[in-house]
Amino acid sequence: MSELEKQLSQSGIEAIQALFGEKTDEKQLQWQQTRKDFKGDITLVVFPLLRISKKSPEQTAEAIGKYLKDHSDLVEDFNVVKGFLNLSISAAFWLNFLKENTSLSNFGFKSPKSKSKVMVEYSSPNTNKPLHLGHLRNNFLGYSIANILEAEGHEVFKVQIINDRGIHICKSMLAWEKFGNGETPESSNMKGDHLVGKYYVIFDQKYKEEIAQLQEQGMDEEAAKKEAPLMKEAQQMLRKWEEGDAEVRALWEKMNGWVYDGFASTYQRMGVDFDKLYYESDTFLIGKEKVLEHEKNGLLYRKEDGSLWIDLSSEGLDDKLLLRADGTSVYMTQDIGTAIIREEEFACESYYYVVGNEQDYHFKVLALVLQKMGFKWAKGIQHLSYGMVDLPSGKMKSREGTVVDADDLMEEMKQTAARISEDLGKLDGMNDAEKEELYEMIGMGALKYFILKVDPKKQMLFNPEESVDFNGNTGPFIQYTHARIQSILRKAGKGNVENLGHSEAVENEDVDLLKSLYLFPQVVTEAAEQKSPALIANYAYDLVKTFNSFYQNTTPILKEESESIKNRRLCICELVGQTLRNAMGLIGVKLPEQM
RNA sequence: GGCUCCGUAGUUCAAUGGAUAGAAUAGAAGUUUCCUAAACUUUAGAUGCAGGUUCGAUUCCUGCCGGAGCUACCA
């Protein structure tokens with residue numbers, strides 16, 4: 001609840017006491033923004049109060065409105081439409097708001113570390129192929145949610161767990177060994193993650209050939225998949241890895257190293273980072289240890305073949321495997337271990353896992369298993385489940401080559417930005433390096449905004465054609481508006497908040513912007529509660545719409561003759577610019593001075 | 001089959017149980033002697049179907065229809 005709403009609620013409670021003789025609390029007073037088609041700034045919904053007033057909605061609203069106008073300095077005027085009491089807030093209130101927040105670089109943010117410690121896990125890729133569009137959504141979301149939680153006052157640790165071991169990387173290793181002829185990122189001039197991914201694809205192709213061959217010889221498909229020599233070799237390699245075979249480990253380290261180099265440049269371009277990395281190859285054994293410890297207190301049981309299970313039937317779920325018959329650990333085991341280590345190292349209040357909604361069940365089970373093991377902190381585990389990214393052609397499938405590669409996509413966005421910028425030709429006075437930087441800023445801004453403006457929980461469609469259209473509700477639209485604002489401030493200089501009068505009239509266009517700006521701190525809070533960068537993106541878009549309308553439909557500020565209006569508008573411009581930088585910063589989008 | 005999530009203009013997205021369901025894009029019509037036209041202004045167009053709860057339902061409940069995901073000794 002905003003300060004304005006709090007103060008109005010106080011007055012409202014007084015009004016109800018005076019008019020209807022009953023005490024109420026804040027919860028009965030429902031505030032909302034006044035819709036654009038009506039006069040007023042903030043609206044009280046009076047329906048819930050009819051029980052107390054025992055009068056019609058109109059009469060109730062009328063009476064409260066009159067009381068507020070007479071008794072509150074904030075309320076300048078009011079009107080009633082059905083059960084809605086629309087209040088006009090005094091100019092002094094808006095001017096004071098402007099005065100207090102212009103030049104505040106952290107407008108909208110809470111003081112750092114004023115709230116609990118939290119952890120955000122995101123990205124967490126496999127190391128056998130390069131990152132794709134799905135990872136982009138994951139990374140942008142994770143990074144942004146971490147920013148938002150930090151802005152809300154939390155101390156935030158960003159981590160990821162890298163799935164660096166398993167059959168997937170063995171497949172790439174085997175294919176490279178057999179068909180690679182010693183190819184390296186240097187010799188092929190290919191990013192390491194792409195090179196390793198290439199051999200993952202080669203494995204799949206050769207494997208399919210073998211299956212087809214076996215089927216021709218009369219074997220059924222199921223058996224052929226199991227009996228194909230390549231698959232057997234890959235599994236053999238995995239066993240050797242687990243045994244610590246020096247040769248396999250060396251190859252594994254070499255190829256993972258290539259992948260990490262590739263990932264590092266991709267992460268850098270994405271603009272994301274981490275405070276700590278966990279590697280599955282380190283944590284899977286710890287998970288196994290932890291699980292075995294809990295076998296002793298009877299929580300777990302063994303099947304005849306020696307596999308270890310937990311019974312979740314009392315929670316309405318199936319039994320879950322924690323250790324295979326051969327004693328090796330599964331994904332769940334490893335996540336249990338990682339969670340315990342994290343608690344030991346960081347002791348956070350909440351652990352957020354940014355992972356796709358295909359794993360809803362997994363995280364439900366993970367939290368449950370840990371709680372059953374007696375870890376109270378496990379209640380703080382929250383799966384930030386986001387929807388899949390689909391293409392117009394349907395689902396992305398790596399095997400069918402329909403994945404959109406992250407590096408390619410980022411480069412394409414930049415090229416598009418460059419092409420459009422050059423066509424428009426507004427970059428006089430910028431040197432080539434500055435232009436390159438700008439193209440990157442615009443391309444990445446477009447991409448991040450395109451992905452983050454959608455509610456994370458919802459499945460989204462990525463249409464490549466629409467993503468390179470930089471008009472309308474897009475990142476470049478917001479960047480463009482910022483550039484316009486900065487241009488005004490460069491030419492006219494900043495306004496002076498000390499010269500903002502207290503009693504002067506304020507034009508509607510100015511009030512519209514001030515109302516919109518006033519919302520920002522609450523939007524940040526709401527975004528933190530919902531873990532939704534989309535709320536920030538949509539807010540920024542609304543603010544920009546309002547600003548552009550103001551910009552285009554009022555007298556140009558540079559030509560404004562009234563010093564008082566000019567000064568106020570310059571202050572508003574400054575605060576809009578700052579708010580846009582703060583908001584877009586939360587979703588990882590940079591704003592240019594010129595474009 | 002069981003469990004979970006989702007169905008809003010042609011399309012992509014919005015809408016703490018509240019007013020006449022907002023934008024963008026595609027369509028139609030306009031705006032540059034004026035701070036950057038990646039903009040602004042006007043116009044037309046949507047809640048899958050049937051019930052229920054409520055003063056009030058896109059939102060909550062039930063059923064149906066349609067789509068996605070999970071239901072691995074993969075991660």
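Because the structure is predicted, anything quoted here is derived from the model rather than measured. Here is the naming used below: chain letters follow the sequence lines, and residue numbers restart at 1 for every chain. Computation of the quantities below employed the complete heavy-atom set of this structure, encompassing side-chain atoms and omitting hydrogens, waters and symmetry-equivalent molecules.
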**Asked** Rounding to the closest angstrom, what is the interatomic distance between U71(B) and A15(B) at atom P?
**Response** 30 Å
**Request:** Sticking with atom C1', work out how far G30(B) lies from C61(B), rounded to a whole angstrom.
**Result:** 49 Å
**Prompt:** Under 4.0 angstrom, heavy atoms only, what part of the nucleic acid is Ser385(A) near: base, sugar-phosphate, or nothing?
**Reply:** nothing
**Asked** Is any side-chain nitrogen or oxygen of Lys364(A) closer than 4.0 Å to OP1 or OP2 of C3(B)?
**Response** no
**Asked** Expressed in angstrom and rounded to an integer, what is the separation of Asp326(A) atom CG from C74(B) atom P?
**Response** 9 Å
**Asked** Mind checking the P distance from G22(B) to U36(B)? Whole angstroms is fine.
**Response** 33 Å
**Request:** Rounded off to whole Å, could you give me the CE-to-P distance for the Met1(A) and U16(B) pair?
**Result:** 16 Å
**Prompt:** If you look at every strand shown and take non-hydrogen atoms under 4.0 Å, does Gln359(A) touch a base, only sugar-phosphate, or nothing?
**Reply:** base
**Request:** Name the nucleic acid region contacted by Lys36(A), choosing base, sugar-phosphate or nothing; use a 4.0 angstrom heavy-atom cut-off, strictly under.
**Result:** nothing
**Prompt:** Would you say the base of A68(B) and the side-chain of Gln459(A) have a donor-acceptor pair closer than 3.5 Å?
**Reply:** no
**Request:** Considering only atom P, compute the distance from U16(B) to U54(B) and round it to an integer number of Å.
**Result:** 24 Å
**Item:** A24(B) and G45(B), which share atom name C1', separated by this distance in whole Å
**Value:** 14 Å
**Message:** Can you see if the side chain of Lys491(A) gets near the phosphate of U36(B) - specifically, an N or O under 4.0 Å from OP1 or OP2?
**Reply:** yes
**Request:** Could you tell me whether the side-chain ring of Phe47(A) sits stacked on the base of G56(B), using a centroid cut-off under 5.5 Å and a plane angle under 30°?
**Result:** no
**Request:** Compute the centroid of each ring, for Tyr353(A) and then for Phe363(A), and state whether the two points are separated by less than 6.0 Å.
**Result:** yes
**Prompt:** So what does Met595(A) touch, heavy atoms closer than 4.0 Å: a base, only the sugar-phosphate, or nothing?
**Reply:** base
**Prompt:** Just checking Phe477(A): base, sugar-phosphate only, or nothing, at a heavy-atom cut-off of under 4.0 Å?
**Reply:** sugar-phosphate
**Item:** Between A72(B) (C1') and Glu358(A) (CD): distance, integer Å
**Value:** 14 Å
**Message:** Measure CG/Leu452(A) against P/C13(B) and give the value in whole Å, please.
**Reply:** 14 Å
**Asked** So, Arg568(A) and Asp510(A), do they make that salt bridge, N to O below 4.0 Å?
**Response** yes
**Message:** Under 4.0 Å, heavy atoms only, any strand: does Lys545(A) hit a base, just the sugar-phosphate, or nothing?
**Reply:** sugar-phosphate
**Message:** Need one value for Gln30(A): base, sugar-phosphate or nothing, where a base atom within 4.0 Å counts as base even if backbone is also close, heavy atoms only.
**Reply:** base
**Message:** Using atom P in both nucleotides, what's the gap between U58(B) and U42(B) to the nearest angstrom?
**Reply:** 27 Å
**Message:** Considering every strand and a 4.0 Å limit on heavy-atom distances, what is the contact class for Gln334(A): base, sugar-phosphate, or nothing?
**Reply:** nothing
**Prompt:** Whole Å only: how far is the CG atom of Asn128(A) from the P atom of C74(B)?
**Reply:** 16 Å
**Message:** Categorize Asn553(A) for me: base, sugar-phosphate, or nothing, with a 4.0 angstrom heavy-atom threshold over every strand shown.
**Reply:** sugar-phosphate
**Asked** If we take the P atom in both C73(B) and C49(B), what is their distance in whole Å?
**Response** 42 Å
**Message:** Is it the case that the ring center of Phe450(A) lies less than 6.0 angstrom away from the ring center of Phe470(A)?
**Reply:** no
**Asked** Between Tyr541(A) (OH) and A14(B) (C1'), how many Å, whole number?
**Response** 11 Å
**Complement of A9(B), any strand, by Watson-Crick or G-U distances under 3.5 angstrom** = none
**Message:** On RNA chain B, compare the nucleotides closest to Val454(A) and Leu427(A); which residue's is nearer the 5' end?
**Reply:** Val454(A)
**Sub-6.0 Å ring centroid separation between Tyr541(A) and Phe477(A)** = yes
**Asked** Can Glu315(A) and Lys364(A) be counted as an ion pair, charged N to O under 4.0 angstrom?
**Response** no
**Asked** How far does the P atom of U8(B) sit from the matching atom of A14(B), given to the nearest Å?
**Response** 11 Å
**Request:** Could you tell me whether Gln594(A) contacts a base, only the sugar-phosphate backbone, or nothing, with contacts defined as non-hydrogen atoms closer than 4.0 Å?
**Result:** base
**Prompt:** When we call it a touch if two heavy atoms are under 4.0 Å apart, what does Tyr361(A) touch: a base, just sugar-phosphate, or nothing?
**Reply:** sugar-phosphate
**Salt bridge present between Glu593(A) and Arg490(A) (N-O < 4.0 angstrom)** = yes
**Message:** I'd like to know if Lys208(A) and Asp204(A) make a salt bridge, using a cut-off of under 4.0 Å between side-chain N and carboxylate O.
**Reply:** yes
**Message:** Using a 4.0 Å heavy-atom cut-off, does Asn463(A) contact any base of the nucleic acid, only the sugar-phosphate backbone, or nothing at all?
**Reply:** nothing
**Asked** If you take atom types as modelled and just measure distance, does the side chain of Thr43(A) reach the base of A19(B) with a donor-acceptor pair under 3.5 Å?
**Response** yes
**Request:** Assign Asp455(A) to base, sugar-phosphate, or nothing according to its heavy-atom contacts below 4.0 angstrom with the strands shown.
**Result:** sugar-phosphate
**Contact nearer the 5' end of RNA chain B, comparing Lys457(A) with Lys559(A)** = Lys457(A)
**Asked** Under the 5.5 Å and 30° test, is Tyr551(A) stacked on the base of A39(B)?
**Response** no
**Prompt:** Tell me: CD of Gln160(A) to C1' of A75(B), nearest whole Å?
**Reply:** 15 Å
**Message:** Any base atoms under 4.0 Å from Ser549(A), or only sugar-phosphate, or nothing? Heavy atoms, all strands.
**Reply:** sugar-phosphate
**Message:** For A19(B), is there a stacking contact with Phe38(A), counting only centres under 5.5 Å and planes under 30°?
**Reply:** yes
**Prompt:** G18(B) C1' sits how many Å from Leu50(A) CG, rounded?
**Reply:** 12 Å
**Message:** Between Tyr200(A) and Phe203(A), is the ring centroid distance below 6.0 Å?
**Reply:** no
